[in-house]
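To find a chain, count down the sequence lines: A is the first, B the second, and so on, and within it residues start at 1. FYI, side chains are in, hydrogens and waters are out, and symmetry mates aren't considered; it's all heavy atoms of this structure.
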There are 4 protein chains.
Amino acid sequence: MNEWSFILMSNLIKSCSERKNAMGKKRGPKYDQIIEAAVKVIAENGYHHAQVSKIAKEAGVADGTIYLYFKNKEDILISLFEEKMGRFVDKIQEQIEGSLTAKDKLFILIEMHFKQLAENRPLAIVTQLELRQSNPELRWKINEVLKKYLDLMDTVLTEGKESGYFSEDLDFRLARQMIFGTLDEVVTNWVMKDCKYDLVSLAKPMHQLLVGGLCSR
Amino acid sequence: MNEWSFILMSNLIKSCSERKNAMGKKRGPKYDQIIEAAVKVIAENGYHHAQVSKIAKEAGVADGTIYLYFKNKEDILISLFEEKMGRFVDKIQEQIEGSLTAKDKLFILIEMHFKQLAENRPLAIVTQLELRQSNPELRWKINEVLKKYLDLMDTVLTEGKESGYFSEDLDFRLARQMIFGTLDEVVTNWVMKDCKYDLVSLAKPMHQLLVGGLCSR
Amino acid sequence: MNEWSFILMSNLIKSCSERKNAMGKKRGPKYDQIIEAAVKVIAENGYHHAQVSKIAKEAGVADGTIYLYFKNKEDILISLFEEKMGRFVDKIQEQIEGSLTAKDKLFILIEMHFKQLAENRPLAIVTQLELRQSNPELRWKINEVLKKYLDLMDTVLTEGKESGYFSEDLDFRLARQMIFGTLDEVVTNWVMKDCKYDLVSLAKPMHQLLVGGLCSR
Amino acid sequence: MNEWSFILMSNLIKSCSERKNAMGKKRGPKYDQIIEAAVKVIAENGYHHAQVSKIAKEAGVADGTIYLYFKNKEDILISLFEEKMGRFVDKIQEQIEGSLTAKDKLFILIEMHFKQLAENRPLAIVTQLELRQSNPELRWKINEVLKKYLDLMDTVLTEGKESGYFSEDLDFRLARQMIFGTLDEVVTNWVMKDCKYDLVSLAKPMHQLLVGGLCSR
DNA sequence: TATGAATGAGGATTCATTCAT
DNA sequence: CATGAATGAATCCTCATTCAT
């Protein structure tokens with residue numbers, strides 16, 4: 001390692017940190033600071049009282065700095081959702097890949113869904129309550145992000161169907177809507193009840209109910 | 001019938017329309033006009049562009065008149081939801097009472113849920129999309145209104161459990177959340193897809209899925 | 001005079017006060033208050049420091065009231081110019097009609113131009129300095145208003161040419177531009193010199209110069 | 001005066017221009033780049049959309065570099081005007097010196113005024129339209145720059161008066177204002193009409209009109 | 001009861017300028 | 001000399017609500 005290798009490495013590092021992300025957005029430590037600040041401020045003040053200046057203050061940057069990293073306020077929210085929901089689904093995916101059966105995979109999905117939101121209550125408040133107050137345009141983009149999650153569910157459902165664990169005539173769209181709608185409703189209720197009971201322990205009965213249905217055998 | 005009888009009748013009608021309803025609210029023909037106007041205006045313009053003045057114009061009253069019937073804008077929305085959701089649940093209840101088994105009752109509940117929203121798309125848009133943009137406080141009150149619906153589900157679930165049709169160890173809260181969360185998600189997806197497929201025909205497979213679960217037997 | 005005549009008069013008065021002006025704009029005493037306030041505030045603070053709230057305060061109305069009478073801030077300025085310049089030209093026209101010869105008419109035009117601006121210094125400051133800082137869109141509309149003035153000049157020039165007082169081969173466009181450009185420059189210099197000399201007394205030499213040119217005979 | 005004295009003088013001028021200019025301003029190639037960039041950016045985007053960062057980009061320098069050469073944004077504009085108007089007047093002066101009579105000198109002045117602006121339309125747009133949107137303070141300084149031009153006019157007027165070509169009792173201030181106001185108005189109209197007619201050919205009739213006045217002889 | 005003109009609080013965003021490197 | 005990321009002040013307009021008539 002000599003002077004040249006150092007320079008090359010510097011350039012490499014520099015070009016890395018200067019690299020824009022997939023969305024062509026400027027990145028850097030402040031990008032993450034702002035996202036985290038946004039989660040906190042929205043969770044504490046509610047969507048409609050989360051002024052840009054509050055977020056900037058919480059992030060420890062000037063108001064104007066926000067606009068070096070985000071197009072506008074809405075862009076903060078979309079990015080927040082993309083970042084957080086992206087990781088959210090990625091983590092579930094990782095865990096699922098370690099399981100063998102579709103049954104286990106579904107359980108992991110449910111448990112991880114609950115676990116991640118239970119571990120980050122401000123995020124849970126933001127995703128379950130505050131972000132839903134956003135305008136239709138933002139909600140469309142949120143739906144885009146959710147597609148990745150729905151695709152993951154499809155993978156599990158397909159595998160389960162092939163292994164004979166799930167019904168052969170399972171309607172994927174309905175099944176996805178049942179799983180997502182149920183999990184979402186359960187988490188929303190938990191958040192609205194001030195998170196005062198254990199969410200993760202609901203994973204097991206929830207799994208049984210989704211798999212076995214309401215009916216006795 | 002003479003002049004006096006007319007005056008008496010007027011007073012009678014007047015005292016009637018002046019009578020407050022159960023919620024202590026003033027009623028009268030304008031009350032309903034305003035509610036209907038609110039549904040129309042919100043469905044057409046979206047929650048955030050549904051100004052009080054627009055609702056007043058649509059209802060054919062002055063802006064100030066709104067405040068003779070409703071405490072504030074939020075009160076219009078809560079009342080709207082109370083009125084509409086009240087009838088919504090009442091109709092489901094009526095139909096359910098005509099059925100014998102818990103299985104049938106659940107099916108009727110699902111079908112009626114879909115049917116009523118499919119029949120009134122503006123209302124569906126308002127309840128599934130627009131009203132969710134309201135602040136958490138309003139959403140709390142909306143949840144209050146939903147209790148009647150959840151109680152109805154409980155009745156069906158209890159009966160089904162007693163008749164042995166539903167699992168003996170069914171967790172009512174989870175079951176309710178699964179049913180409501182699923183139906184809600186299905187309707188929301190239908191609205192977001194511009195209502196371009198038949199919602200009511202999903203009742204049968206939906207019923208089977210909820211009752212039998214994802215699992216093959 | 002009876003009940004009916006009273007009602008008829010009421011309606012008449014009502015329809016009068018409700019009448020919008022030619023531009024379809026709401027009128028009323030507040031309309032004029034706001035225009036006057038705008039002239040004063042712009043003259044005192046300069047165009048770029050003339051906040052809507054300052055104008056509202058000066059006019060003795062709430063900020064929001066401004067927007068019942070004007071579309072936006074720019075609309076105040078356009079209206080201001082239309083009103084003031086409208087009267088400005090009208091008054092010149094009136095005076096001109098009382099004169100016999102084209103020579104006199106031109107003199108009256110010059111004198112009235114100077115006189116009206118000398119009598120209303122805040123207005124002079126606004127028209128000569130502040131309003132020129134406005135954006136191109138506003139400046140186009142200002143030009144529209146000026147057309148009436150230019151047409152008036154044309155009338156005088158035509159008459160003068162016909163009577164043989166003005167050159168037969170006079171280029172109207174150039175003549176108009178010379179007259180307007182000169183008067184405008186003279187007034188602007190007067191305003192920039194803090195109006196500290198008598199403007200109106202310049203009318204006579206100005207007239208001679210425009211009519212006779214620089215050349216000795 | 002020989003070759004050497006020319007070289008010495010060149011060096012003197014050069015070292016002068018590389019150090020500070022008469023106004024105590026730093027000079028260098030970037031100084032001119034920035035001025036040229038400012039003309040282009042203002043002409044293309046308008047005064048209010050000519051951000052410092054745009055000018056810097058066009059000049060191929062960093063935003064901060066601007067402030068090594070100019071005190072602030074306003075200083076760019078003043079300098080722009082000083083530079084361009086300085087050359088503008090110098091060129092007219094040069095040409096005038098070649099003429100014999102006051103009559104010819106005035107004609108040259110008019111023709112050169114039109115010619116130079118017709119040859120550089122971006123500059124014409126900037127001086128006639130965009131720079132007038134600046135605040136009165138800047139406009140004061142612009143007037144300072146114009147003094148040199150007015151002085152030149154005075155020279156011509158004095159000479160003409162002495163030679164008996166211009167009236168003996170000519171008011172210089174009014175005459176200057178008439179000449180400048182007229183030329184300025186004519187050029188402004190030409191710019192606002194998108195420069196779609198020939199400006200220079202107006203010099204002759206314009207000259208006749210200014211010299212001979214509106215009146216027939 | 002009904003009206004509707006008037007109110008006034010509240011917030012996202014731009015861009016000239018600085019200064020650590 | 002040169003850079004450019006960071007700063008932060010400054011303002012127009014909307015719309016729920018009131019109250020004199």
Side-chain angles (χ1 to χ4, degrees), chain A residues 17-18 26 28-30 48-57 59-76, chain B residues 14 17-18 26 28-31 48-57 59-77, chain C residues 17-18 26 28-31 48-57 59-76, chain D residues 26 28-31 48-57 59-77:
Chain A
S17 70
E18 267 175 359
K26 206 195 293 177
K30 303 221 162 133
H48 285 297
H49 294 103
Q51 299 100 324
V52 171
S53 60
K54 257 185 203 156
I55 296 173
K57 193 170 211 176
V61 300
D63 292 18
T65 305
I66 298 267
Y67 294 87
L68 296 176
Y69 293 89
F70 301 91
K71 253 200 342 280
N72 48 38
K73 188 181 177 183
E74 188 176 76
D75 191 32
I76 307 176
Chain B
K14 202 179 168 194
S17 70
E18 267 173 358
K26 228 177 282 176
K30 299 205 170 160
Y31 177 89
H48 286 296
H49 295 102
Q51 295 96 331
V52 172
S53 59
K54 252 185 206 156
I55 296 174
K57 192 171 210 177
V61 300
D63 292 17
T65 305
I66 299 266
Y67 293 86
L68 297 174
Y69 292 89
F70 301 92
K71 241 186 15 264
N72 48 37
K73 186 182 180 182
E74 190 176 75
D75 190 31
I76 307 176
L77 303 175
Chain C
S17 71
E18 268 173 358
K26 208 196 291 178
K30 303 223 161 131
Y31 178 88
H48 285 297
H49 293 104
Q51 297 100 324
V52 171
S53 60
K54 258 186 204 155
I55 296 174
K57 196 171 208 175
V61 301
D63 291 19
T65 304
I66 298 267
Y67 295 88
L68 295 176
Y69 293 88
F70 302 92
K71 255 201 342 281
N72 50 36
K73 188 182 176 181
E74 189 175 76
D75 191 32
I76 306 177
Chain D
K26 224 179 285 173
K30 298 204 171 162
Y31 178 88
H48 286 297
H49 294 102
Q51 296 96 332
V52 171
S53 60
K54 252 186 208 157
I55 296 173
K57 193 172 209 176
V61 301
D63 292 17
T65 304
I66 299 265
Y67 292 86
L68 297 174
Y69 294 88
F70 301 92
K71 249 195 358 272
N72 49 36
K73 188 182 178 182
E74 190 175 75
D75 190 33
I76 306 176
L77 302 175

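With both pairing distances under 3.5 Å, F:dT21 is matched to E:dA2 as a Watson-Crick or G-U wobble pair.
Heavy-atom distances to DNA chain F give each of D:Gly64 and B:Ser53 a nearest nucleotide, and the one nearer the 5′ end belongs to D:Gly64. Map B:Lys73 and A:Gly60 each onto its nearest nucleotide of DNA chain F; the residue landing nearer the 5' end is A:Gly60. Both B:Asp63 and A:Glu74 lie near DNA chain E, and the one whose nearest nucleotide falls closer to the 5' end is B:Asp63.
When rounded to the nearest whole Å, the span between NE2 of A:His48 and P of E:dA12 equals 11 Å. Summarising the geometry, the separation between CD1 on D:Ile55 and C1' on E:dT17 is reported as 14 Å, rounded to the nearest angstrom. With rounding to whole Å, A:Lys71 atom NZ is found 16 Å from E:dA12 atom P. In this structure, B:Phe70 atom CZ and F:dT18 atom C1' are separated by 18 Å, rounded to whole Å. In this structure, OH of B:Tyr69 is placed 9 Å from P of E:dT3, rounded to the nearest angstrom. For the pair D:Ile76 CD1 and E:dA16 C1', the computed distance is 10 Å after rounding to whole Å. E:dA5 atom P lies 19 Å from atom OH of C:Tyr67, rounded to whole Å. For A:Lys57 and E:dG11, the NZ to C1' distance is 15 Å, given to the nearest whole Å.
Among the heavy atoms of the strands lying under 4.0 Å from C:Val52 are primed sugar atoms or P, OP1, OP2 only; no base atom is included.
The minimum heavy-atom distance between D:Asp75 and D:Phe70, with the atom names listed, is OD2-CA, 3.4 Å. Closest heavy-atom contact between D:Asp63 and D:Ala56: OD1-CB, 3.6 Å. Closest approach of D:Tyr67 to D:Val52, counting heavy atoms only: OH-CG2, 3.9 Å.
Counting only heavy atoms from C-beta on, B:Gln51 has its side chain closest to F:dC15 among F:dC15, E:dG8, E:dG4. Comparing atom distances between the D:Asn72 side chain and each of F:dT7, E:dT17, E:dT13 picks out E:dT17 as nearest. Comparing E:dA5, E:dA2, F:dA16 by their closest approach to the side chain of C:Leu68 singles out E:dA5.
Residue B:Thr65 places at least one side-chain N or O under 4.0 Å from the OP1 or OP2 atom of E:dT3. For A:Lys30, no side-chain nitrogen or oxygen approaches OP1 or OP2 of F:dA5 to under 4.0 Å.
Aromatic ring pairs are classed by plane angle as parallel below 30°, tilted from 30° to 60° and perpendicular above 60°; the pair C:His48 and D:His48 is perpendicular.
In this structure, the side chain to side chain contact (heavy atoms under 4.5 Å, CB included) partners of C:Gln51, at least two apart in sequence or on a different chain, are C:Ser53, C:Lys54.
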